[in-house]
Enquirer: 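For reference, the structure I am asking about is given below.
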Amino acid sequence: MSELVRFSVSLEADLLAAFDKFVEEGRFATRSEAIRQLLRKSLTTDAWEVDAQELTATLTLVYDHHKTGLVEKLLELQHRHAEKVTATLHVHLDHDHCLEVIVLKGQGSKLQQLASELRGLKGVHQGDLTVAGVSPHEAEHHDHHGHDDHGHTH
Ligand code: NI
């Protein structure tokens, strides 16, 4: 494990209050531990950078379907990358918003690229890319301490 470094962060009081609630409800030992996990989740470079293997991931988008040209662009992009798009689920959230869950399969960096293009479109409010099928233990190259006891059946 590398050296611990302290740094300070400025944020709005209500955001901090929400974060503290998150820390409490998530039963994190400390704020630091919660931040570490959030950062790792956001920067899942280990999982993504192991580029030789094929990953399955979900991209969850929330977007405003009234935004001019957005629906067409989303479709166009998905068709252009049809070999990576395994399935989509579409839910009409409310009058303005659609939720779309896109299951992607392919090389990690390619999936990240496609996800960035999709969530970068104007009118997309949220775009969360989550790796499925890579265990966090396998993804972490450090801090191994015997993970042999978590076998399970389906
Ligand atoms: Ni819709």
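All ligand and atom numbering here is 1-based and tracks the order in the structure.
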Enquirer: Show me the donor-acceptor pairs, under 3.5 Å and distance only, between side chains in residues 59-78 and residues at least two apart or in other chains.
Expert:
unit_1, atom_1, unit_2, atom_2, d
Tyr63, OH, Glu100, OE1, 3.1
Asp64, OD1, His66, N, 2.9
His65, NE2, His95, O, 3.0
His66, NE2, Asp96, OD1, 3.3
Glu76, OE1, Arg80, NH2, 2.9
Gln78, NE2, Glu100, OE2, 3.0

Enquirer: Kindly give the heavy-atom pair with the smallest separation between Gly108 and Leu55, and that separation in Å.
Expert: CA-CD1, 3.7 Å
Enquirer: With 2.8 Å as the threshold, which protein atoms of type N, O or S lie near the Ni ion (ligand 1)? Leave waters out.
Expert: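 As for protein N, O or S atoms lying under 2.8 Å from the Ni ion (ligand 1), they are His90 NE2, His92 ND1, Cys98 SG.
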Enquirer: Flag yes if Val5 and Leu38 sit in one hydrophobic cluster, no otherwise; membership is Ile, Leu, Val, Met, Phe, Trp, Tyr, and two members link when side-chain heavy atoms are under 4.5 Å apart.
Expert: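 Per the 4.5 Å side-chain linkage, Val5 and Leu38 are not co-clustered.
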Enquirer: Quick one: are Leu104 and Val85 in side-chain contact, heavy atoms under 4.5 Å?
Expert: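 In contact.
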Enquirer: Looking at every non-hydrogen atom in both residues, tell me the closest pair between Gly127 and Arg119 and how far apart they are.
Expert: O-NH1, 2.7 Å
Enquirer: Hey, are the side chains of Phe19 and Leu11 touching, using non-hydrogen atoms and a 4.5 Å cut-off?
Expert: no
